[in-house]
Amino acid sequence: MRLHREQGKAFKQYPEKVLQFGEGNFMRAFVDWQIHTMNRLTDFNGGVVIVQPLASGMADHLNEQDGLFTLYQQGIQDGQVCRKHEVIDCITRTLNPYSQYNEYLELAENPELRFIVSNTTEAGIAYEANDKLADAPPSSFPGKLTALLHRRYEYFNGDTSKGFVLIPCELIDRNGDELKATVQQYAKLWNLGEGFIQWLHEANTFCSSLVDRIVSGYPRDSMDEITAELGYEDALVVVSEPFHLWVIEGPQWIKDEFPAHRAGLNVLVVDDMTPYRTRKVRILNGAHTAMMPVAYLYGIDTVAEAVGHEEVGAYVKSLIDEEIIPTLDLPAAELQSFADAVWERFLNPFVQHYLLSISLNSVSKFKTRDLPSLLQYVETRGQLPGKLVFSLSALIAFYSGRRGEEPIPLADDADILDWFAGLWNGWDGTDEGLHRLVADVLAADSRWGRNLNELEGLAEQVAEGLIAIKKTGMKEALHSLDRKPAHN
């Protein structure tokens, strides 16, 4: 039996308050689950009408199941293994604007529609100069959105009380600002008038947002077992971790209309999301990048294995707690709570997160994720952070392309790979040669944004770590790390 609303369960029908661009796994497991939770635990009482951004998509599949799907959350939560599931019932319908364009534009005429959310991939917020207002539909997501906003402006005669709160979830920095700027480009391209442009400013609130949740998607390999467990067929099952975070940069009154906090959800409405983005990049992403070469050269292949390992796990934990957190400008308790949640996410036994999969473009990742922590630590503490420095030693060793006798399938830009290959091929096998190699690596201001040899003591300490790794192997080098005094 296929999942649908006639199964006799208490599936509700809600008035359409949210327009969602994007029907993929992430939006359903993140945004739609949160709206479903608000409907259950608060008076939000809002349905989601989904617009499929591309000509090919999942509209038909969602409509066949009356908008219903099952979400499995599995991972570690509050120190305990968690696995739970529920049917999400807030989606009212899904439209394909390529075949239902008039129905799409008619959404603008619904006075109860208040929120617009989106996830159309990083390339989705883009300006296509060939799009026209008369297209049915315009090809780009911002073009479709501009047409809808203009229809609403005209239908309600410029009523400023009929604007939207727009919260894009695309994984680009300042996504709300980017979306608003692109809509304004279309308004000028299409000569929609100063009145409409003024209404865009006065009636609509474009919020930048930061989203965080691992959604592994449709569990193809275990669907037979899941179907037996559920007792019904669901072609749209989606799996996520329990952790979620949504940081929305916007006015505080949003919480009155979108009461996620009253449902116990980890949704923050803030004046400035920058510290939260920095927190995620430095702690979550920074720990991944610093961990990768150390754990991989140790002989470990996955994140969960690495953080669960007695010695490697202790290294990563102290790196986060002692060298990354102290460099961040948020309350200590808040930072530690986030770091503890990150640790549980790393330990998730249901996710096989391979270290090699996060090794892509590790040089640029170290520059953006770990180098700022290293530099800030030096500025505030007056000494080098030993574990972050050691991770840089390990990164250089990783780009030698070998783990013992095993070749490493390096993945980076060709010029980075050629650069490291040249450096390692030119090494003469001596300690002095490794000092020269490190100096050459650190001197590459095109890679790091500055000549890192100018940082007192860094070249010497990186070289010491690299020599230890090459002479004794990663296990002994890491074991010896804590026995070394700090470098002032």
Side-chain angles (χ1 to χ4, degrees), residues 1-12 20 22-37 39-41 48 50 52 56-91 94 119 211-245 264-266 288 300-309 341-358:
M1 177 177 63
R2 176 64 66 89
L3 177 63
H4 57 82
R5 291 183 183 269
E6 315 299 80
Q7 286 185 345
K9 298 182 180 180
F11 299 134
K12 293 189 66 176
Q20 176 174 309
E23 76 283 24
N25 290 323
F26 180 81
M27 289 298 276
R28 290 188 289 117
F30 185 76
V31 173
D32 298 331
W33 166 74
Q34 293 190 65
I35 292 170
H36 168 86
T37 302
N39 286 339
R40 290 285 186 266
L41 300 180
V48 180
I50 293 180
Q52 172 180 301
S56 60
M58 299 172 60
D60 291 342
H61 298 296
L62 273 163
N63 289 328
E64 285 170 6
Q65 293 190 180
D66 299 325
L68 302 174
F69 66 93
T70 309
L71 171 66
Y72 271 82
Q73 297 180 63
Q74 50 192 37
I76 296 180
Q77 193 171 33
D78 300 325
Q80 302 294 320
V81 175
C82 160
R83 187 175 185 270
K84 56 188 177 182
H85 67 270
E86 60 184 321
V87 175
I88 309 304
D89 69 352
C90 62
I91 298 172
T94 303
N119 188 14
V211 298
D212 192 3
R213 179 174 241 188
I214 295 172
V215 176
S216 53
Y218 182 73
R220 189 175 310 277
D221 294 341
S222 55
M223 274 310 300
D224 289 343
E225 295 88 342
I226 285 175
T227 300
E229 179 182 15
L230 295 175
Y232 55 80
E233 295 180 2
D234 182 352
L236 299 169
V237 172
V238 62
V239 176
S240 78
E241 64 175 340
F243 178 88
H244 67 284
L245 171 65
L265 295 166
N266 194 17
H288 264 160
I300 293 170
D301 292 322
T302 70
V303 170
E305 288 178 273
V307 297
H309 187 275
V342 164
W343 197 251
E344 289 190 333
R345 299 171 75 187
F346 286 170
L347 286 167
N348 190 338
F350 299 100
V351 176
Q352 284 286 83
H353 200 173
Y354 287 96
L355 293 168
L356 280 179
S357 72
I358 59 176

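Everything numeric in this text was worked out from a predicted model, so none of it was measured.
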*Asks:* Can you name the nearest heavy-atom pair linking I91 to G67, along with the distance?
*Replies:* CB-O, 3.5 Å
*Asks:* Between V303 and I358, which heavy-atom pair has the shortest distance, and what is it?
*Replies:* CG2-CD1, 4.2 Å
*Asks:* Give the intermediate values and the outcome of side chain to side chain contact (heavy atoms under 4.5 Å, CB included) for residues Q73 and K84.
*Replies:* CA-CA 5 Å; Q73 297 180 63; K84 56 188 177 182; 3.9 Å; yes
*Asks:* Just do the side chain to side chain donor-acceptor pair (under 3.5 Å) check on E305 and T302 with the steps written out, would you?
*Replies:* CA-CA 5 Å; E305 288 178 273; T302 70; 2.9 Å; yes
*Asks:* For the atom pair CE (M58) and CD1 (I50), what is the distance rounded to the nearest 0.5 Å?
*Replies:* 9.0 Å
*Asks:* Should Y218 and M223 count as side-chain neighbours, where that means a heavy-atom distance under 4.5 Å?
*Replies:* yes
*Asks:* For S240 and L71: C-alpha separation, side-chain torsions, deciding distance, then whether side chain to side chain contact (heavy atoms under 4.5 Å, CB included) applies.
*Replies:* CA-CA 7 Å; S240 78; L71 171 66; 3.9 Å; yes
*Asks:* Short question: side chain of Q65, backbone of A235 - any donor-acceptor pair under 3.5 Å?
*Replies:* yes
*Asks:* For atom CD of Q80, decide whether the heavy atoms of other residues, nucleotides or ligands shown that lie under 6.0 angstrom number more than 12.
*Replies:* no
*Asks:* Distance-only, no hydrogens or angles: does the S357 side chain make a donor-acceptor pair with backbone N or O of Y354 under 3.5 Å?
*Replies:* yes
*Asks:* Report yes if the side chains of V351 and E241 come closer than 4.5 Å at any heavy-atom pair, otherwise no.
*Replies:* no
*Asks:* Between N63 and T94, is there a donor-acceptor pair closer than 3.5 Å when you use the side chain of the first and the backbone of the second?
*Replies:* yes
*Asks:* Let me confirm one number: the CG-CD distance from N119 to Q20, rounded to the nearest 0.5 Å.
*Replies:* 9.0 Å
*Asks:* Between atom CG of D234 and atom NE2 of H61, what is the distance when rounded to the nearest 0.5 Å?
*Replies:* 12.5 Å
*Asks:* Between atom CZ of R2 and atom CD of E233, what is the distance when rounded to the nearest 0.5 Å?
*Replies:* 6.0 Å
*Asks:* How long is the span from the CD1 atom in I76 to the CG atom in L347, to the nearest 0.5 Å?
*Replies:* 5.0 Å
*Asks:* If you take the centroid of each ring, where Trp contributes its six-membered ring, are F346 and H353 closer together than 6.0 Å?
*Replies:* no
*Asks:* Take L3 and D66 through the test side chain to side chain contact (heavy atoms under 4.5 Å, CB included) and record every step on the way to the result.
*Replies:* CA-CA 8 Å; L3 177 63; D66 299 325; over 6 Å; no
*Asks:* Between the side chains of D212 and R345, is the shortest nitrogen-to-carboxylate-oxygen separation below 4.0 Å, so that they form an ion pair?
*Replies:* yes
*Asks:* So among F69, Y232, Y72, which one has a ring pair (Phe, Tyr, Trp, His ring centres under 6.0 Å) with H85?
*Replies:* Y72
*Asks:* To the closest 0.5 Å, what do you measure between CG (N39) and NE2 (H36)?
*Replies:* 8.0 Å
*Asks:* Considering all heavy atoms of both residues, which atom of F350 and which atom of C82 are nearest to each other, and what is their separation?
*Replies:* CE1-O, 3.8 Å
*Asks:* Show the nearest heavy-atom pair for residues T70 and V87, with the distance to one decimal.
*Replies:* OG1-CG2, 4.0 Å
*Asks:* Do V215 and V239 come within less than 4.5 Å of each other through their side chains, counting heavy atoms only?
*Replies:* no
*Asks:* So that I can tick it off, tell me whether R40 and E86 are bridged by a salt bridge, with the cut-off set at under 4.0 angstrom between side-chain N and carboxylate O.
*Replies:* no
*Asks:* Between the side chains of E23 and R28, is the shortest nitrogen-to-carboxylate-oxygen separation below 4.0 Å, so that they form an ion pair?
*Replies:* no
*Asks:* Any side-chain donor paired with an acceptor under 3.5 Å for T37 and Q34?
*Replies:* no
*Asks:* Shortest non-hydrogen contact from G217 to N25?
*Replies:* CA-ND2, 3.5 Å
*Asks:* Looking only at non-hydrogen atoms, find the nearest pair between R213 and F26 and report the distance.
*Replies:* O-CE1, 3.6 Å
*Asks:* Are the side chain of N348 and the backbone N or O of Q74 linked by a donor-acceptor pair below 3.5 Å?
*Replies:* yes
